[in-house]
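Structure record follows, encoded as structure tokens.
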Number of protein chains: 6
Amino acid sequence: MLVNIQSYAYSHDEGRITVASPTDQSQRYQRGWQRLIEVDAEAGERVLESLKDVAPDLGRYVVEFAYGEIYQRPVLDLRQRQLVTISALTTLGGAEPQLEVHINAGLNVGLTAPEVVEAILHCIPYTGFPRVLNAIFVAKRVFEERAVDPLTDQG
Amino acid sequence: MLVNIQSYAYSHDEGRITVASPTDQSQRYQRGWQRLIEVDAEAGERVLESLKDVAPDLGRYVVEFAYGEIYQRPVLDLRQRQLVTISALTTLGGAEPQLEVHINAGLNVGLTAPEVVEAILHCIPYTGFPRVLNAIFVAKRVFEERAVDPLTDQG
Amino acid sequence: MLVNIQSYAYSHDEGRITVASPTDQSQRYQRGWQRLIEVDAEAGERVLESLKDVAPDLGRYVVEFAYGEIYQRPVLDLRQRQLVTISALTTLGGAEPQLEVHINAGLNVGLTAPEVVEAILHCIPYTGFPRVLNAIFVAKRVFEERAVDPLTDQG
Amino acid sequence: MLVNIQSYAYSHDEGRITVASPTDQSQRYQRGWQRLIEVDAEAGERVLESLKDVAPDLGRYVVEFAYGEIYQRPVLDLRQRQLVTISALTTLGGAEPQLEVHINAGLNVGLTAPEVVEAILHCIPYTGFPRVLNAIFVAKRVFEERAVDPLTDQG
Amino acid sequence: MLVNIQSYAYSHDEGRITVASPTDQSQRYQRGWQRLIEVDAEAGERVLESLKDVAPDLGRYVVEFAYGEIYQRPVLDLRQRQLVTISALTTLGGAEPQLEVHINAGLNVGLTAPEVVEAILHCIPYTGFPRVLNAIFVAKRVFEERAVDPLTDQG
Amino acid sequence: MLVNIQSYAYSHDEGRITVASPTDQSQRYQRGWQRLIEVDAEAGERVLESLKDVAPDLGRYVVEFAYGEIYQRPVLDLRQRQLVTISALTTLGGAEPQLEVHINAGLNVGLTAPEVVEAILHCIPYTGFPRVLNAIFVAKRVFEERAVDPLTDQG
């Protein structure tokens with residue numbers, strides 16, 4: 001995986017548009033990348049790969065800022081942070097690809113499938129049924145891919 | 001407080017538009033009301049009071065559905081539910097009055113001020129700075145009213 | 001259809017997470033289910049079926065709260081309620097599956113295709129062209145499936 | 001009122017930025033203005049007045065396009081159009097000033113206060129409680145200003 | 001192309017619902033149509049074609065109001081207007097089809113691919129990563145269709 | 001002003017929650033702060049000041065990420081970036097305080113008042129009249145405070 005980090009960092013360094021000094025970047029980038037692969041390595045690689053020919057800096061900001069800064073913060077643990085993320089993405093709407101990533105991430109860091117379902121259902125009074133239905137159908141697909149049963153899963 | 005419950009239930013029964021049978025209503029309504037006063041009694045009373053001359057059933061639905069159904073559900077505890085709520089309301093935008101209620105509610109059920117702040121800051125990558133700034137300024141006002149210091153509070 | 005109601009109610013009773021007493025549930029659930037099949041039986045069954053392995057309570061809330069409470073209310077008739085629903089879903093955005101259900105529902109309760117189109121076009125000044133274009137293309141698909149011509153249909 | 005139309009049209013003609021020919025404009029503008037004063041003369045004048053020093057063409061587009069085109073359309077009557085408008089503005093959120101105008105407009109064209117309340121409450125399942133609460137409090141203020149009681153008003 | 005304008009205008013004249021006088025319409029419509037084909041002829045035709053059997057007036061309003069009024073305005077040139085449009089559609093969310101049209105339009109009027117990417121990335125602090133990721137993936141598809149490399153393109 | 005930077009950096013260093021190394025922070029922070037004071041010094045100071053007792057890291061992220069990264073990027077100049085920002089905030093809705101900051105910022109970096117107005121009006125077809133009206137009234141207030149006339153101002 002170290003190899004992958006290097007190659008991504010390299011492909012980003014090749015980008016036409018670079019403002020961070022190599023040293024500055026590599027610290028925050030590597031810290032973010034470590035957190036990202038802890039949370040969802042496969043989706044992380046896939047997103048960075050898909051961005052590298054169009055907007056590599058967008059991938060860099062996701063790694064450096066979202067994972068290198070926000071996901072490094074104390075006070076809330078990773079499971080609480082995924083509850084907050086799932087609620088934000090459910091409410092935002094139109095963010096089904098990101099919701100899929102973060103439902104997987106939630107399960108990866110220890111949320112149970114029923115906890116994911118509960119976080120989504122809890123949004124009903126605040127964001128209404130359509131956003132919640134869309135989010136639940138994303139969760140259903142993730143659960144099927146991982147062969148998890150949200151009605152019996154105990155984590 | 002029991003007296004208040006009764007009087008509210010009564011004023012709702014007087015409403016022109018009633019579909020639930022008294023028995024059905026009183027069970028779910030009282031279950032919801034108990035949860036609501038556990039979470040934020042003062043705001044609950046204030047909202048129901050302000051609705052009773054314009055749309056008392058809206059108050060009834062908040063009590064019966066949001067608090068009598070959703071907030072009764074298992075799997076997530078009340079602190080986790082307030083993290084999810086704060087994230088949803090921050091992301092929704094334009095919901096500052098409701099955010100004020102639920103930041104208070106979060107503190108009432110045991111979230112610390114730093115946990116409230118973290119839940120809001122965690123939304124930056126998903127909903128951007130403007131929504132997060134608006135939410136933080138609501139939190140600031142709540143903390144000042146309660147004389148809580150979010151930089152030193154340990155819960 | 002009675003058989004289906006029973007089987008759905010049964011599968012929900014099997015659910016791990018149940019808060020309503022059977023009597024309470026069956027009254028509101030059956031009242032809601034009657035309204036739901038009056039409005040759009042096929043979509044109702046399909047949505048409940050798709051939820052039953054992931055979040056059966058979400059289907060129950062749709063039936064009990066949306067159809068057992070809100071759609072039972074007086075003052076506005078079912079056609080007016082579908083105009084309001086179509087406007088809300090057009091404006092919300094990202095709710096194309098729900099919009100498809102409710103455009104069908106609108107036609108089922110007596111709205112003409114031109115009335116559906118007008119409700120969507122009326123949203124242009126409030127929500128802009130993109131949301132309205134997306135909604136019109138959903139309507140177009142529904143009209144084609146039902147072989148209705150919105151330019152000549154008289155209801 | 002005719003005098004006012006003339007003076008507004010005049011002040012718009014003075015605007016630095018004008019693309020419509022006088023004849024084209026005056027037809028659609030006057031048609032729109034007639035509809036606007038039919039719906040809510042006072043708010044219409046107030047909005048146009050407040051725009052005339054900053055963006056008079058915005059006022060012109062509201063008159064020409066919203067009222068001169070959309071509100072001229074057949075199939076739905078003015079009361080149905082205000083139901084659709086109230087739903088759109090409730091769902092949009094952050095549009096309280098416009099909601100105030102259109103709740104007044106709804107009452108002006110013959111909606112009863114209970115119909116306005118019902119249109120807003122009907123949005124709960126689609127847009128959640130916060131948007132609906134905000135809209136109901138706008139309605140409450142309008143009802144108070146007009147001394148209308150939404151619990152007893154029969155239109 | 002003149003032929004197409006005529007045939008579209010004709011099919012619209014056949015529409016059941018017509019409020020503009022032929023003269024009024026043809027002036028603004030033709031002015032708008034000229035601007036539309038200057039900006040994105042292919043998408044313009046495709047959208048109007050797809051609307052003509054369901055809501056031809058929606059296509060007419062896009063041509064007359066969006067392109068015949070707004071896009072005729074002075075002060076900002078077409079490239080600046082496409083920057084503003086791309087930002088609005090990125091932020092709105094759920095408007096991927098319209099974003100595809102306007103990224104093409106931006107390139108057609110002289111924006112470079114890197115300028116399109118920058119306009120989208122600039123929205124990160126205001127609307128968050130999910131909306132920006134969705135928009136960038138639309139841009140990626142457009143760039144691929146046009147065989148443009150956003151990392152080396154100089155316009 | 002240097003003195004102010006130092007004191008803010010200092011108060012942030014005192015924050016309980018710090019992840020960036022001092023060197024890393026001071027580079028990006030100072031780079032961002034220079035850009036921020038170039039764009040809108042007064043609002044920048046006011047926002048950071050108001051955050052320092054509740055969430056100083058939020059102010060730090062605004063400086064480091066928004067101004068230290070995004071606003072440092074090439075390809076679009078500061079005036080183009082403010083056009084994009086004004087469009088994003090108009091469309092987002094409920095971001096009036098941030099819109100006020102960025103309309104001021106736009107004027108500070110060389111946009112004329114008519115250009116600000118045009119950027120807002122250009123959003124009408126995409127986001128509808130209510131968001132545009134709200135944004136124009138913010139612009140009107142800013143123009144009045146700065147004694148700028150948007151109908152005659154030539155920059």
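These values consider heavy atoms only, across backbone and side chains, with no hydrogens, waters or symmetry-generated copies. Chain letters run A, B, ... following the sequence lines, proteins first and then strands; every chain starts at 1.
Contact of L92(E) with chain F is made through backbone and side chain together, with heavy-atom distances under 4.5 Å. Within the 4.5 angstrom heavy-atom criterion, only side-chain atoms of L89(F), from C-beta onward, approach chain E.
Considering only residues two or more places apart in sequence or on other chains, F65(E) meets the ring pair (Phe, Tyr, Trp, His ring centres under 6.0 Å) condition with Y61(D), F65(D). Partners of H102(F) according to the ring pair (Phe, Tyr, Trp, His ring centres under 6.0 Å) rule, which considers only residues two or more places apart in sequence or in another chain, are Y126(E). Residues passing the ring pair (Phe, Tyr, Trp, His ring centres under 6.0 Å) test with F137(E): none are found, sequence neighbours excluded.
The shortest heavy-atom contact between I70(E) and P125(F) is CG1-CG, 3.9 Å.
Atom CD of E42(F) sits in a sparse spot, with 12 or fewer heavy atoms from other residues, nucleotides or ligands closer than 6.0 Å.
When each of E115(F), H122(F), Q98(F), R79(F) is checked for heavy-atom pairs under 4.5 Å with chain E, H122(F) comes out on top.
Contact check for Q80(E) versus Q80(F): no side-chain heavy atoms found under the 4.5 Å cut-off.
Residues of residues 81-88 of chain F that come closer than 4.5 Å to chain E, counting heavy atoms only, are R81(F), L83(F), V84(F), T85(F), S87(F), A88(F), ordered by residue number.
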